[in-house]
Amino acid sequence: MATKTMTMAKALNEGLRRAMEENKKVLLIGEDIGKLGGVFRITDGLQKDFGEDRVIDAPLAESAIVGTSVGLAIRGYRPVVEMQFDGFVYPAFDQIVSQVAKLRKRSDGRYTMGMVIRLPFQGGIGAIEHHSESPEGYFAATAGLRVVSCSTPNDAYWMIQESIKHDDPVIFCEPKSRYWEKGEVDLDNPPANIFDAVVRREGTDVTVIAYGATVKTALRAADTAAVEGTSVEVIDLRGLSPFDSATLETSVKKTGRVVFVQEAPLTASIGSDIIRQLTEKCFYSLQAPGLVVGGYHVPYPPTRIEEDYRPTVDRILDGVDRVIGFGS
Amino acid sequence: MATKTMTMAKALNEGLRRAMEENKKVLLIGEDIGKLGGVFRITDGLQKDFGEDRVIDAPLAESAIVGTSVGLAIRGYRPVVEMQFDGFVYPAFDQIVSQVAKLRKRSDGRYTMGMVIRLPFQGGIGAIEHHSESPEGYFAATAGLRVVSCSTPNDAYWMIQESIKHDDPVIFCEPKSRYWEKGEVDLDNPPANIFDAVVRREGTDVTVIAYGATVKTALRAADTAAVEGTSVEVIDLRGLSPFDSATLETSVKKTGRVVFVQEAPLTASIGSDIIRQLTEKCFYSLQAPGLVVGGYHVPYPPTRIEEDYRPTVDRILDGVDRVIGFGS
Amino acid sequence: MIDEELVQLLTPEGERVVHPEYESTLSGEEIFGLYRDMTIVRRLCNESTSLQRQGQLALWAPIQGQEACQIGPGRALAPMDFTFPTYREHGIAWCRGVEPKEMLRLFRAVSNGGWDPYKYRHSVPTIVLGNQALNAVGYAMGIQRDGAEEAVLTFFGDGASSQGDVLESFVWAASFNAPVVFLCQNNQWGISTPMSVQSKIPLYHRAHGFGFPGIRVDGNDVLAMYEVSKRALENARVGGGPTLIEAYTYRLGAHTTSDDPTRYRIDAEVEVWRHRDPIERVKSLLVHEYKMKQARFDEVAEEAEKLALQLREDVLAMDRPDPLSMFDNVYADFHPLIEEGRQEMIDLGVTGGAH
Amino acid sequence: MIDEELVQLLTPEGERVVHPEYESTLSGEEIFGLYRDMTIVRRLCNESTSLQRQGQLALWAPIQGQEACQIGPGRALAPMDFTFPTYREHGIAWCRGVEPKEMLRLFRAVSNGGWDPYKYRHSVPTIVLGNQALNAVGYAMGIQRDGAEEAVLTFFGDGASSQGDVLESFVWAASFNAPVVFLCQNNQWGISTPMSVQSKIPLYHRAHGFGFPGIRVDGNDVLAMYEVSKRALENARVGGGPTLIEAYTYRLGAHTTSDDPTRYRIDAEVEVWRHRDPIERVKSLLVHEYKMKQARFDEVAEEAEKLALQLREDVLAMDRPDPLSMFDNVYADFHPLIEEGRQEMIDLGVTGGAH
Ligand SMILES: Cc1ncc(C[n+]2csc(CCOP(=O)(O)OP(=O)(O)O)c2C)c(N)n1
Ligand SMILES: Cc1ncc(C[n+]2csc(CCOP(=O)(O)OP(=O)(O)O)c2C)c(N)n1
Ligand SMILES: [Mg+2]
Ligand SMILES: [Mg+2]
C-alpha cells in the first residue's frame, strides 16, 4: 500500500472503513449517511458494505442521535456520530454535556463512553447560516470530553481511527473547507502521538498556532512573512483539549512571540485559554503579549463577506506585525 | 422607602415585582414559578398578584420555555425566564444560541430579543449533581448575548430591573448560595453603571477579580491577606460579557498582579479570556502572569467534597501568594 | 397514495371530489388566482435554480411540487395572522407580499434573513429544523394575552417532525390552547431520508396523542389545502386551539441545489408524482368547469416570465454587503467588542461594498 | 380516577377485577413477595426521609404511594433486561438487587451515581429529565444488533413526558421497533405542576400518535402493573417493539425533602389517594383470599425494620469521599489537567476522607 494521494474527505472515509473492519462494534450514526453517504460523502459506500445496522440513517433529531449513541456505548458499541453541520449540534448539547461527558464519572468508571462525534466545522464554503460555526470551545470547556481537529488527509485518516479506539468521548472537528484538498496518506505507518501538536514549519521570530482550516492559512501567512524577512514558526495544534503544551512552550520560548489563530470569536475561547497558559509558562520569554486572531464577536456573517470574518493571511500577518512591533 | 435590609432572594423578588408593575409586557415563565414561587421562592406571590397569564407555570421543557419566549418577544413581550437550575439550561441551548442570540441580526434589527434568562448558578448548597454548575462561559462565548451576575441584594434588585429593560437578551446569573444572605437595598436610587465592574475593597498589592458567589470569598481572602500584610484589591465584575475593562486595567496597572476567581473550570472560560486581555492591555505593568483560580477540570463533584472544588479562601490566597512570589 | 383519510377536493385529473366535511367555497376567479400564484411561484423557483447554476446564488431550495401546500394556506391567511417559515416557504412568502428579491437575499448569501418580518407578518427563515415551531407557539401565546383574533401558521417538514422542538411545541400548543396551526409538508423526504424513518404511521396522528386535531390533506390539491387551512385558522382565531395539518405531497426537485437525489430515490417514484402536479389539476378544472381560455393562462405565463426576468435583474444587482455591516444589529446597545471589531476592520483597510 | 381505559386487576378494597385482556398469573406466595417488596421499600424510604431530616442526607426523593408502579414491573423483569431509572426508582433498584446503602450514596452526596450498573443491570440515576429515555432506546438498539432476547425498561414522570428527549425517544423506538418499554409514572405532579399543564388528555395516548401501543394501568395495583409490564417486556424481547405504560398513580409525599407541597395542593386530594394505597389492597387480598395470617405480615415488618436499621448504620458510616477522588474516572486515559489538578490539590495539603 504505502502512501496514496487523496482528499481529506476520502481519507476520513477510508479511516472509518478501516475502523469498522477492525472492530465490529464500531457503528456510524447520523443524518443521510447511508445511501447519500452524508452531505459531504464522508460515509460514501459504507452502508452498502457494512449494512444498515452498522451505518444507521437516523431520524432527524440530534439529541436522539447522541442520546441513543450513549445507550449503544453502554451496551458496548462504539458509535461514531456524524453531525451534519456544526450549527446543528446544539440540539444535542444537553446529551453531550450531561451524559456523554459525565457518565464515566457518574458510574465510577464502569461506563466507557467510547464515542466519537464528528463535527464538520468552521466556514469558508459559502454556505448559508448555521453551516460555518466553530463550536469547539463549548466542548473544550466541558470536562469529560476530548476535542481534536485534523488539518491534513494523513492526520484525518489516522486521527479518526485513534479517536474511535479511544475510550473517552472525542469531539472530532473536521475543517469542512479542506475536505476536497488532497495530500499524501501513509496507509501503513501511523504518525506518533497524533493528538500532540506538530510544527508544520519552523521559524524563529514568531510562533503561530492554528488548527483545522486555519493551519493552511497560517502557512500561507508564513510564506508571505518570509518574503518580508520574518521567520514564522507554524504549529498545528491537533489536540485542542487537552492540548500539547510542551511543543507550544518550546516554540514560544524560542521565538518569544505568539499568535493564536482560530475562526471562533475570542471570548471564552480555546485560543484565549492557551494564550493565558503560555503566558504563565513562558512569562519571562515573552517579548510581547500573545495575541489571538479569530472571528469577530458577531454571528457568522452572510458568506459573501465571510472572508472578512475569518482570519485571512492579512489578518494573521497583522497579528504577527503587532507582536513584533509591540511596545515600539 | 429609602433603604431596607433584605435577602438577595427577596431583592430579586421585589425587583421582578417592580419591573412587572412598570411594564405590562413583562412576563415571567418557568417551571414551578406560580403557586410554589419557584424552588428558591424568587417569584413568591407574583402569580397571585399578576395572574397566570403573566406568571406562567411552564410545561416541563426548557427548550420550549426559551423557544416560546422568543415568540413572545417577537410579539412585543418581555419574557423573564427562570431556569430551575444551571444544569437544566442545556436542553434550551439550541434555542438560546441559534435563535435568542441571532434573531436581532437575522432580522436586520427588526426583532428585539428583550428577554432575560435567569440562571441560579454556581455551587455551595450541598445539592445533588446538575444543581451547582457554572455554564456562564458558554453564553459569554456566544455573540448576541449579554451575561451578568450579581453579588449583593442591592445589585440584584437593580440589575434584574436593568436587565429586563435592556433590549438585548441577558443571561442573568444568580449565585444561589448567596440567595439567603442579607444586605441593604436602596429602593430609590439605582446605582450608576450597574453592569460595570466595581471595586469592593481597595488594595495595592494584588487585584482579585470575582463575580457572583466568589466575590464574598475573595473579600474574606482579602481580610486574611491583610492580616498577613498583603493589600488585596477586590473587584466585583458584574458584567461578565461584555465586561468593564477600564476598571480592571486601572487596578491591574496599579497593583501589577492579578488573580481571577471563578467556580467554572479554566479551559475556554471567562477568566482565561479576561486574563488574556488584561495581559495585552497591561503587559508592561504586570509583575507576574495573571492567574485564574477556578474549578478543576472535572464534573462538579458530589457535594460532600464540593468545597475542595470551589475556590476557597485558601486557594485564593494560594493564588495571591503565587503571583506575589512569582519568579522568586 | 390516495387513502381514505386524505382530504381531497380535486383529483389529479382536475375533477371535483365530494368530501363529507369540506367543500370548496372559491369562485372561478379565486381559483384562477391560486393558479396564478402557483404558476408564478414555480417560475420564480425555476429562475432561482438557474441563477444558482450560474453561480449567482450560493444555494437554492426548490419547491416544485409543493406549490399547493403553500398557496392554499397562504391565501387562507388573514392579514393580521403571522407566519413562521423554514427555508422552503417561498410560496407563503409570496402570498404574504415578500418581494421575490427579498426572498433571495438569504440564498445569495448577502443576508441571514432578507425582509422585514413585521411589514409582511412573515418571520425570517428558520434553518435549524424545528426551532420555529416553538417560536410560533410563543407568538400565539402573545396573541392570547393581547386578546386579539389572530392566528399563527408555522411550517415544518416530515423530517423535522422528529425534532424535540416540534414535539414540545405540540405539548405547549395543547396546554395553552394556543391559536396556532402547524403545517407539516410531508414531501416524503428529508434530504435522502424517507418518511418511513421518521414515522411508520401517518404524521397527522401525532396531534391526537397530544390532544388536538390532526388532519391529512392532499398537499397537491390547492382547493383542499385552502379550505382545510382556512377552517383551522378560523378555529384558532376564535379560541378553538391548535390544529396539525399534514400536507401529503412530494418534493419533485432536489432537496437543494447541493443535493443529488439520484443517489437515494428512483425516477419512477418522481414520475408518479409528476402526474399529481398541483398546477395542472387546477388548470384542468379551470378549463373544463370554468371554460377559461388559453389566453388567460398565457397572460399568467407572461406575467411570471416578467417577474422572473425582474428577479434575475434584481439578483444580479444585489451587491456584496459592506463587510462592516457584520457589526450592525448584533446588539441593540453599545458593546465594546463590536466597536473594537469594527475599528479593527477599518484599520485593516477592509473596503465595503461589491467585489 | 378509575376510568374505563384503566387496566385494574385489584380494587383499592383488595377485590379482584376481571379484565378482558389481562389476568393475574401470580400465586399467593408470589403476591406475598410483592407485598414484602413494597413494604420493605416503603420502610426504607421512610428511614431515608428521617435520615434526611436528621441532616444525614443532602436530599431524599420519596416514593410513597408509587411502590406498586415499581415493584410490579421490577418483578416482571427478566435477569438480562436492563433498566434506565430517574432519581425516584428506589423500588426498581430494590428489585434489581442494588443494596439500599448504594441507593443512598447519591442522596448522601458522596457519589453522583452509587452502584455498578452492569452488576445489577440497572443504570445509574439520570437527573436531567428525559435524557435516559433516549439512552434506553440506544441500549435497546444494541440488543437488536446483538440479536439478544432482552428488553429495556425506562422510567419518566408525567412532568418529564413534555421533554423533547422523551418525545424523540418515542420516534426512535417506533422507527427502529426497539425492544424498550417506557414506563411513565403519572403521579399527577411534577413538583408543583399539575398533570393538566403537561397534557389535557391521558398520557398513554401519546404512543398511538407515534405508532405503538400505549396503555394506562392503575399504578397502585401491583398485580396489574406486574401483568401489563410482563406482557410488554415479553413482547419487546421477541421483536414486538415498544410499549408505553402509563402508571396512573399519586405521589403521596413531597417531591423531595426540599419541597413543601402544602403550597400547591390540598390535603383532601392526598387523602383520597391514601385510600388507594398500593400496599393495603394487596394485604387485604392476601388476608381475604389467601387467608394469610398476621404473623406473616409481622415478619415482613420486622425484616423491613432490620433493613432500615442496617441502612441507617450504613449511611452513618458512609464517609466523605477523599477529595482527590474527584479526579478519578473523569477520563479513561491520561489527561494533563487531571494530573495538574490532582497535584495542585496535594500541594494545597487537602486531606482525604472524613471531616
Ligand atoms: C437541527 C437541524 N439538523 C439538520 C439540519 C440539516 N438539514 C437541512 S434540511 C434537512 C432535511 C429536512 O427535511 P424536512 O423536514 O422533511 O424538510 P424538507 O427539506 O423536506 O422541506 C436537514 C437534515 C438542519 N437544518 N437543522
Ligand atoms: C431537564 C430538567 N429540568 C428540570 C429539572 C428539575 N426537576 C427535577 S424533578 C422535576 C419534576 C419532575 O416531575 P415528573 O417528571 O412528574 O417526575 P416526579 O418527580 O413526579 O417523579 C423537576 C422540574 C430536572 N431535573 N431536569
Ligand atoms: Mg421533507
Ligand atoms: Mg410526576
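Reminder, nothing fancy here: chain letters follow the sequence lines and each chain counts from 1. Since this is a predicted model, take the numbers as computed values, not measurements.
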If you check every heavy atom in residues 121-130 of chain B against those of chain D, which residues fall under 4.5 Å?
G126(B), I128(B), E129(B), H130(B)
Should the pair R178(B)-E181(B) be classified as a salt bridge under the 4.0 Å nitrogen-to-oxygen rule?
yes
Option that, when pairs with chain B are counted at under 4.5 Å, heavy atom only, ranks first among A58(D), G341(D), S199(D)
G341(D)
With chain B, which of M326(D), M345(D), E344(D) has the greatest number of heavy-atom pairs at distances under 4.5 Å?
M326(D)
Is chain D contacted by the side chain of E307(B), its backbone, both, or neither, given a heavy-atom distance below 4.5 Å?
neither
Can you check whether Y300(B)'s main-chain N or O pairs, donor with acceptor, with S132(B)'s side chain at less than 3.5 Å?
no
Atom group of I191(D) that falls short of 4.5 Å from chain B, counting heavy atoms:
both
Less than 6.0 angstrom separating the ring centers of H90(D) and W60(D), yes or no?
yes
So which part of S325(D) gets closer than 4.5 Å to some heavy atom of chain B, the side chain, the backbone, both or neither?
side chain
Region of T303(B) that comes under 4.5 Å of a non-hydrogen atom in chain D:
both
For T193(D), is it the side chain, the backbone, both, or neither that has a heavy atom closer than 4.5 Å to a heavy atom of chain B?
both
Is it the side chain or the backbone of R108(D) that comes within 4.5 Å of chain B heavy atoms, both, or neither?
both
Crowding at CG, D267(D) (>12 non-hydrogen neighbours, <6.0 Å)
no
Proximal component of H255(D), with respect to chain B [non-hydrogen, under 4.5 Å]:
neither
Give the C-alpha distance, both sets of side-chain angles, the deciding distance and a yes or no for salt bridge (charged side-chain N to carboxylate O under 4.0 Å, His left out) between D44(B) and K10(B).
CA-CA 9 Å; D44(B) 194 22; K10(B) 183 66 181 162; over 6 Å; no
If you apply the rule salt bridge (charged side-chain N to carboxylate O under 4.0 Å, His left out), what do you find for D32(B) with R41(B), and how did you get there?
CA-CA 10 Å; D32(B) 305 297; R41(B) 309 291 184 264; over 6 Å; no
Heavy-atom pairs under 4.5 Å with chain D, option from K35(B), E306(B), H297(B) with the top count
H297(B)
So, applying side chain to side chain contact (heavy atoms under 4.5 Å, CB included) with I29(B), which one of I65(B), V80(B), D57(B) is it?
I65(B)
In terms of heavy-atom contacts, D53(B) and L27(B) come closest through O-CD2, 3.6 Å
Region of D259(D) in contact with chain B, defined by heavy-atom distances below 4.5 Å:
side chain
Y250(D)-Q185(D) side chain donor-acceptor pair, cut-off 3.5 Å:
no
Option in N329(D), L337(D), V166(D), L129(D) with maximal non-hydrogen atom pairs under 4.5 Å from chain B:
L337(D)
A64(B), part contacting chain D, at a heavy-atom distance under 4.5 Å
neither
Interface moiety of F85(B) toward chain D, non-hydrogen atoms closer than 4.5 Å
neither
Tell me whether K48(B) at atom NZ has more than 12 heavy atoms from other residues, nucleotides or ligands lying less than 6.0 Å away.
no
Please state whether the rings of F327(D) and Y296(B) are parallel, tilted or perpendicular, taking 30° and 60° as the class boundaries.
perpendicular
Step through the shown structure and confirm whether more than 12 heavy atoms of other residues, nucleotides or ligands are within 6.0 Å of CD on E52(B).
no
Cut-off 4.5 Å, heavy atoms of chain B, and the answer for Y331(D) is side chain
According to the interplanar angle, ranging from 0 to 90°, do the rings of F182(D) and F156(D) count as parallel (below 30°), tilted (30 to 60°) or perpendicular (above 60°)?
tilted
